[in-house]
Each structure stands twice: as C-alpha cells, then as structure tokens.
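Structure first, commentary second.
Note: hydrogens, waters and symmetry copies are ignored here, and every other heavy atom, side chains too, is used.
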Amino acid sequence: QSGQVTTIRGSGMRTGAEVFAVCDEGGVQVEHQGVVTPPGVWDETLLEVTFNMGAVAAGTVCLVQVRNVDGTYDHVLTVLK
C-alpha cells in the first residue's frame, strides 16, 4: 500500500537517523526507505514513518531498521504488507 504509516517504538533513535523496511521479496532482501512524518520531528522512543509499499506483495515479512548516523541501529520485526 502506498503511504503506509508505521509507528516505531524503541529507544536511542537519534535525529537524522534513516529508517528502512528490509523485505524478503522472493528470497532477495530489498530495502524500502521510509520518511519520518512529520519531517524533522524526532523522539528517541517513538517515530512515525511513512513507507511506500505499493509494489510489495501481500504477506511479505519486513524488518524495520532504524540506522543512526553514528552507525548504531535497531530492528523491529513486522509485516508491513
């Protein structure tokens, strides 16, 4: 679905981090970059991210990854599609 908003809860998410949905699409890992909504609004424990998942098959399992600019990251397992 296009414009799918996902709420990510965690800790240590820093301003400027990039958020990706890493999906297993037929045995190939494909990264879909998300956009923090509203842009520029960060909270170290909660982010709302919009993903364009329109081209991803229904039932696809994705791992959401928040990548901080210092190289640290965290994973959240979810089904986005």
Side-chain angles (χ1 to χ4, degrees):
Q1 150 185 0
S2 296
Q4 183 171 351
V5 178
T6 302
T7 300
I8 301 171
R9 297 177 190 277
S11 62
M13 298 180 285
R14 298 181 185 94
T15 300
E18 294 181 309
V19 183
F20 294 87
V22 182
C23 303
D24 181 354
E25 298 181 29
V28 176
Q29 285 191 357
V30 179
E31 292 185 350
H32 302 273
Q33 188 165 8
V35 177
V36 176
T37 51
V41 176
W42 291 88
D43 180 317
E44 286 197 5
T45 61
L46 179 116
L47 292 176
E48 285 198 354
V49 181
T50 302
F51 291 98
N52 181 1
M53 304 301 283
V56 179
T60 298
V61 175
C62 300
L63 183 72
V64 175
Q65 187 177 71
V66 179
R67 300 176 188 166
N68 290 317
V69 294
D70 66 0
T72 59
Y73 61 89
D74 198 7
H75 293 105
V76 180
L77 182 61
T78 187
V79 176
L80 289 176
K81 180 72 177 184

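- The two residues Val49 and Gly34 have their closest heavy-atom pair at CG1-CA, 3.6 Å.
- In this structure, CD1 in Ile8 is found 9.0 Å from CG in Leu46, a value given to the nearest 0.5 Å.
- No hydrogens or angles considered: nothing links the side chains of His32 and Gln4 as a donor-acceptor pair under 3.5 Å.
- Considering CD of Gln65 and CD of Glu18, their distance stands at 10.5 Å, rounded to 0.5 Å.
- Checked for salt-bridge contact, Glu31 and Arg67 meet the test: a charged N lies under 4.0 Å from a carboxylate O.
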Verdict with supporting geometry, Val64 and Val19, side chain to side chain contact (heavy atoms under 4.5 Å, CB included): CA-CA 7 Å; Val64 175; Val19 183; 3.9 Å; yes
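- In this structure, Val5 and Thr50 have side chains that are in contact, with non-hydrogen atoms separated by less than 4.5 Å.
- Side chains of Glu25 and Thr60 form a contact here, defined as non-hydrogen atoms less than 4.5 Å apart.
- Closest approach of Ala17 to Asn68, counting heavy atoms only: CB-OD1, 3.5 Å.
- In this structure, Thr6 and Phe51 have side chains that are in contact, with non-hydrogen atoms separated by less than 4.5 Å.
- At a cut-off of 3.5 Å, with distance as the only test, a side-chain donor of Thr72 or Arg14 sits close to an acceptor on the other residue.
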